[in-house]
Asker: 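Below: one structure in structure tokens.
By convention in this document, chain letters (A, B, ...) are assigned in the order of the sequence lines, proteins followed by strands, and residues within each chain are numbered from 1. Note: hydrogens, waters and symmetry copies are ignored here, and every other heavy atom, side chains too, is used.
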Protein chains: 2
Amino acid sequence: MLTTEDIGRIVRFHRKKAGLTQVQLARLAGVGKTVVFDIEKGKKTVRLDTLMNILAALNIRIELTSPLMEAFRERNNEES
Amino acid sequence: MLTTEDIGRIVRFHRKKAGLTQVQLARLAGVGKTVVFDIEKGKKTVRLDTLMNILAALNIRIELTSPLMEAFRERNNEES
DNA sequence: TTATTATTACTGCTATGGCGGTAAATATTA
DNA sequence: TAATATTTACCGCCATAGCAGTAATAATAA
């Protein structure tokens with residue numbers, strides 16, 4: 001189970017690898033510096049769009065998985 | 001790229017498969033009914049914890065992927 | 001059709017997330 | 001060591017997410 005602490009560690013790792021400070025990442029992602037710190041600290045109550053902007057800036061993809069996802073994809077004609 | 005609209009469709013699909021109404025899912029996830037509706041509509045500004053509670057109730061896992069994730073996992077001794 | 005259920009769309013309210021600014025504490029480099 | 005950069009931790013302010021309640025549609029069943 002992925003926790004927000006995991007997310008924080010992943011974000012920090014990617015940010016460091018990208019050679020960015022928290023402030024630089026914040027500007028790049030179009031969010032405030034405070035929330036970058038908060039997310040890296042594992043804050044649970046961040047807004048989804050804020051997190052997604054940060055993940056996108058770091059080229060991290062979100063995926064949802066479950067035993068039903070195959071059925072979902074074929075129901076929605078998933079290709080492209 | 002996963003969008004919030006995708007998330008909404010996935011949540012709704014899983015909820016239906018589980019035979020739950022929005023209100024039932026809300027109670028199960030410990031959130032308000034309004035936000036279940038909002039998420040299924042693709043709302044971007046929901047809180048991460050709220051979404052995670054709903055996903056957990058539906059047995060949907062969140063995963064983060066990137067070219068650096070392998071390096072991250074081995075750096076953090078990922079097994080268990 | 002009618003009755004029932006579920007979804008959608010409002011409402012006001014409260015709590016708090018995000019923000020920049022600042023400053024202190026750490027970490028990094030010279 | 002000192003100087004610099006970064007991170008952490010505050011601070012108010014504003015905008016809004018989440019909430020239950022309600023009501024109006026919409027979908028489903030009898």
Asker: Whole angstroms only, please: what is the CZ-P distance between A:R47 and C:dG18?
Answerer: 6 Å

Asker: Any side-chain N or O of B:T50 below 4.0 angstrom from OP1/OP2 of D:dG18?
Answerer: yes

Asker: Write down the distance between CG (B:D38) and P (D:dG18), rounded to a whole number of angstrom.
Answerer: 7 Å

Asker: How would you label the contact of A:V23 with the nucleic acid (heavy atoms, under 4.0 Å): base, sugar-phosphate, or nothing?
Answerer: nothing

Asker: Any Lys/Arg nitrogen of A:R9 or A:D6 sitting under 4.0 Å from an Asp/Glu carboxylate oxygen of the other?
Answerer: yes

Asker: D:dA17 P sits how many Å from B:N53 CG, rounded?
Answerer: 18 Å

Asker: Rounding to a whole Å, what distance do you find between A:L48:CG and D:dT16:P?
Answerer: 17 Å

Asker: Please work out whether the ring planes of B:F72 and A:F13 are parallel, tilted or perpendicular, with thresholds of 30° and 60°.
Answerer: perpendicular

Asker: Can you see if the side chain of B:R12 gets near the phosphate of C:dT8 - specifically, an N or O under 4.0 Å from OP1 or OP2?
Answerer: yes

Asker: Reckon A:R27 has a side-chain N or O less than 4.0 Å from the OP1 or OP2 of C:dG20?
Answerer: no

Asker: Between A:K41 and B:T34, which residue's closest nucleotide on DNA chain D lies nearer the 5′ terminus?
Answerer: A:K41

Asker: With nearest nucleotides of DNA chain D determined for B:K16 and A:K16 from heavy-atom distances, which residue corresponds to the more 5′ nucleotide?
Answerer: A:K16

Asker: Between the main-chain N or O of B:T21 and the side-chain N or O of B:Q24, is there a donor-acceptor pair closer than 3.5 Å?
Answerer: yes

Asker: Given C:dT7, D:dT6, D:dC19, identify the nucleotide with an atom nearest to the side chain of B:T21.
Answerer: C:dT7

Asker: Look at all strands and tell whether A:V46 reaches a base, only sugar-phosphate, or nothing, counting heavy atoms closer than 4.0 Å.
Answerer: sugar-phosphate

Asker: Taking 4.0 Å as the cut-off, does a side-chain nitrogen or oxygen of B:R15 come that near to OP1 or OP2 on C:dT7?
Answerer: yes

Asker: Rounded to whole Å, how long is the line connecting atom CD of B:Q22 with atom C1' of C:dT7?
Answerer: 6 Å

Asker: Nearest whole Å is fine: how far is D:dT6 P from A:E40 CD?
Answerer: 14 Å

Asker: Write down the distance between NZ (A:K43) and C1' (D:dA17), rounded to a whole number of angstrom.
Answerer: 13 Å

Asker: Regarding D:dG18, can its base be found pairing with the side chain of B:K33 as donor and acceptor, where the two atoms are less than 3.5 Å apart?
Answerer: no

Asker: Closer than 4.0 angstrom, basic N to acidic O: yes or no for A:K44 and A:E5?
Answerer: yes

Asker: Taking B:T4 for its side chain and B:G42 for its backbone only, find out whether a donor-acceptor pair lies under 3.5 Å.
Answerer: yes

Asker: Atom CG of A:D49 and atom P of D:dA17: how far apart are they, to the nearest Å?
Answerer: 8 Å

